[in-house]
Amino acid sequence: MRWSSLFIPTLREVPAEAEVISHQLLLRAGYVRQLSAGIYSYLLLAQRSLLKIQAIVREEMNAIGGQEMLLPALNPAEVWQESGRWDVMGDNLFKLKDRWQRDLCLAMTHEEVVTTIARGELRSYKQLPQIWYQIQTKFRDEPRPKSGLLRVRQFIMKDSYTFDLDAPGLDVAYDKHYSAYCRIFERCGLEYTVVEADSGAMGGSQSHEFMVRSDAGEDLIVRCPSCGYAANLEKATATPSTPTVADPDADLTPEPFHTPGFKTIAQVAELTQLPESSQMKSLVMVADGQPLLILVRGDHQLSETKLAGLTKAVEIRPAQQGEIVELFGANPGSLGPVGISGLRILADAALQGRRNMVAGANRDDYHLRHVTPGKDFQAEYADLRQVAAGDPCTRCGTPVELFKAVELGHIFKLGYRYSEPMGLRVLGEDGKEITPIMGSYGIGVERILTCGIELFHDKDGITLPLPIAPFSVVITPVNNADAAQREAADLLYSQCLQAGIDAILDDRDERPGVKFKDADLVGIPYRIVAGKKLSEGKVEFLDRRTRKAEDIAVDSVFAHLQARLSEESARYRNTA
RNA sequence: CGGGGCGUGGCUCAGCCUGGUAGAGUGCCUGGUUCGGGACCAGGAGGCCGGAGGUUCGAAUCCUCUCGCCCCGACCA
């Protein structure tokens, strides 16, 4: 393509609304324009890159036997009501009415639709397994769209769904997706981590997320640098660090002491000269209307995800002050487990076996010392705490690290969550009805582009990996008015076209500086410049990432380019 | 939904406090000179100052309401 006739609106300055680097560069490099909060137009460059990403996804999905479909984005309310998600998804589901006032929604995923198709058509065990997928626009009314293309209300997703006869069959489908996803992200040139993920309150036995480390990310990942254990913080486990001070080794009785105005764990630690790890933190949560007393060690944080998983509650919220006073007769800051009855008490496993700790006295401005779990109160113990950086890894004892990441893909064993209630049945070999077991698997297509930019950029702009860059090579005559330069560039450009190389010819009537800056900004992996050394029969060949430039004879530069391209492409394929 | 910030030519912003004919840089158009890292000279186009209402002789500026965008939190397949 000839740059002079393309719409590539690059900007010199960073638009004020963009804060994360990928967002800034997507705007500056003319890839996207924003239409509204969380709604973007993908211009030429973004679309070219996204199409390359989709081609890779498609190839790998086809390679595991995936069958590509295209399902409707506009769905009738009925199927969502049938699965229960019409209500469960709440405001996140875009809902609308047609001219007859019938309820419709814009689909955020397609479990309901594929299950509807499957139950209408699948009759026999002989038809299983099935892997169905699509690459399609999804809609989610996010409460807070942000960070450019990272969290948006309309986005492209590759979503696939598998139907199997039994759990071992699902394992096979799941493993196929796992390895296909690895190949996809490797072929896109991304550095990623696979982590164990929370499978949610909706059941399901196993789930992995494919994450790219980035400060722009919204997820926190726990990883052991030694044994490779990696999990989403929501689900991660680790050994609690040893309490800073050992518990008093005696059979002591709880004893109140005055703590006027000392409400936080830190303040009480200051007063008692005992570390936070010697205290019990009491939190009151309301799970589906049921109040619960939650205990964690003073220096630990409650994981609401783990609590939700344990209680199977749909809605969990902190109790309000009024509710707390009614239940405990004291205000937050002086709450504790001693003397509480008629209330379910859940304690984090790290408190089991501890003795003589400090807790609130359920009387304003008083705490208790010498509180021993199991003796002074009874509780159910479970893993409820959020892992902290530096906690010893459960497997190998190495301190774990914590980092932010962006979720690129999520694979999920659904189990019978949809097939059972929606009545998907096939006949088995023995003539009896079987409910197929399902899996669902998603990849955020724009997130591959966005993470590619987050990972690969420098002060001059984008340095996307070759497989997902919008063009492979830019050919730049320094001065387009110079006939020799223009003709050399033209020749090379037409050679590229004939060879199927994705080249762009910068034939704009601009000064060289402008063309170089733009080429750097939009991130084309290779640049060939026809300039003043053309009179000596040489052109410059430049690698965008390394900035290495070499002078090459005009008549061999095309061969050189071909060699570099195939060498570079091979890098991404060989690792797969 | 709670907290904060911002809406002024395409982009970045000044002007607002202390009301009095709307500015700069950059980009864009025309002509000329220039041509290896965002050139220079000259001329020019482009803005209901987010919207509505109010105060005032007079509002970008003061007041009220409202809409939009961004950030933090809440929320969140």
Side-chain angles (χ1 to χ4, degrees), chain A residues 7 9-20 23-24 27-28 30 33-40 83 85 88-93 107-112 138-148 150-153 155 157 159 197-204 207-209 216 218-219 232 234 304-305 308 314-318 407 409-414 417-418 439-444 459-461 476-482 485-486 506 508-521 527-535 538-540 542 547 549 551:
Chain A
F7 179 59
T10 57
L11 299 172
R12 289 192 182 213
E13 286 174 285
V14 181
E17 75 265 17
E19 203 145 297
V20 307
H23 190 198
Q24 295 179 351
L27 290 168
R28 277 197 63 210
R33 285 296 181 261
Q34 181 173 23
L35 185 59
S36 179
I39 305 179
Y40 286 83
S83 71
R85 294 210 296 177
V88 171
M89 287 308 161
D91 290 337
N92 264 32
L93 187 62
M108 54 203 299
T109 61
H110 281 75
E111 283 82 0
E112 283 82 358
K138 296 288 188 282
F139 300 87
R140 295 184 187 183
D141 197 356
E142 293 288 345
R144 185 148 92 84
K146 57 184 241 186
S147 308
L150 279 178
R151 190 158 208 81
V152 288
R153 297 194 290 174
F155 59 97
M157 184 173 173
D159 47 325
D198 180 53
S199 42
M202 296 293 201
S207 173
H208 284 92
E209 288 168 332
E218 296 182 282
D219 288 279
N232 195 305
E234 292 181 343
E304 288 197 28
T305 310
V314 177
E315 191 213 8
I316 291 197
R317 61 170 176 88
E407 178 187 347
H410 196 165
I411 59 177
F412 203 94
K413 289 185 182 174
L414 282 178
R417 167 68 182 84
Y418 297 88
S440 93
Y441 319 83
I443 290 180
K459 65 173 174 45
D460 296 315
T476 309
V478 166
N479 183 352
N480 211 44
D482 180 303
Q485 291 179 12
R486 190 178 62 235
D506 194 350
R508 290 177 298 168
D509 188 19
E510 289 285 357
R511 295 171 58 82
V514 173
K515 299 198 240 192
F516 294 154
K517 288 285 186 191
D518 274 346
D520 286 349
L521 182 59
R527 186 175 80 201
I528 297 172
V529 182
K532 53 189 172 203
K533 285 196 183 153
L534 191 61
S535 55
K538 286 182 178 168
V539 293
E540 182 192 71
L542 181 115
R547 291 247 165 254
D551 289 331

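First the proteins, then the strands, lettered A, B, ... as listed; each starts at 1.
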Can you check the distance between [N] and [M], where both ends of the measurement are the [atom1] atom (answer in whole Å)?
| N | M | atom1 | answer |
| --- | --- | --- | --- |
| B:rC71 | B:rG58 | P | 41 Å |
| B:rU56 | B:rU64 | C1' | 16 Å |
| B:rG9 | B:rG23 | P | 14 Å |
| B:rU8 | B:rC70 | P | 14 Å |
| B:rA74 | B:rU55 | P | 44 Å |
| B:rA14 | B:rA77 | P | 40 Å |

Between [X] and [Y], is there a donor-acceptor pair closer than 3.5 Å when you use the side chain of the first and the backbone of the second?
| X | Y | value |
| --- | --- | --- |
| A:R28 | A:L11 | yes |
| A:E142 | A:R144 | no |
| A:R151 | A:K146 | no |

Examine the base of [N] for any acceptor or donor lying under 3.5 Å from a partner atom in the side chain of [X], and report the outcome as yes or no.
| X | N | value |
| --- | --- | --- |
| A:R511 | B:rU34 | yes |
| A:R144 | B:rG2 | no |
| A:E540 | B:rG36 | yes |
| A:N479 | B:rG36 | no |
| A:R527 | B:rG37 | yes |
| A:R317 | B:rA74 | no |

If you look at every strand shown and take non-hydrogen atoms under 4.0 Å, does [X] touch a base, only sugar-phosphate, or nothing?
| X | answer |
| --- | --- |
| A:R28 | base |
| A:E407 | nothing |
| A:N480 | nothing |
| A:S147 | sugar-phosphate |
| A:S440 | nothing |
| A:A18 | nothing |
| A:P15 | sugar-phosphate |
| A:K515 | nothing |

[X] side-chain proximity, nearest of [options]:
| X | options | result |
| --- | --- | --- |
| A:E13 | B:rC35, B:rC11, B:rG38 | B:rC11 |
| A:E304 | B:rG25, B:rC71, B:rC75 | B:rC75 |
| A:D520 | B:rC70, B:rG37, B:rU34 | B:rG37 |

(request) Both distances under 3.5 Å, Watson-Crick or G-U wobble: report the partner of B:rG36, or none. (result) none

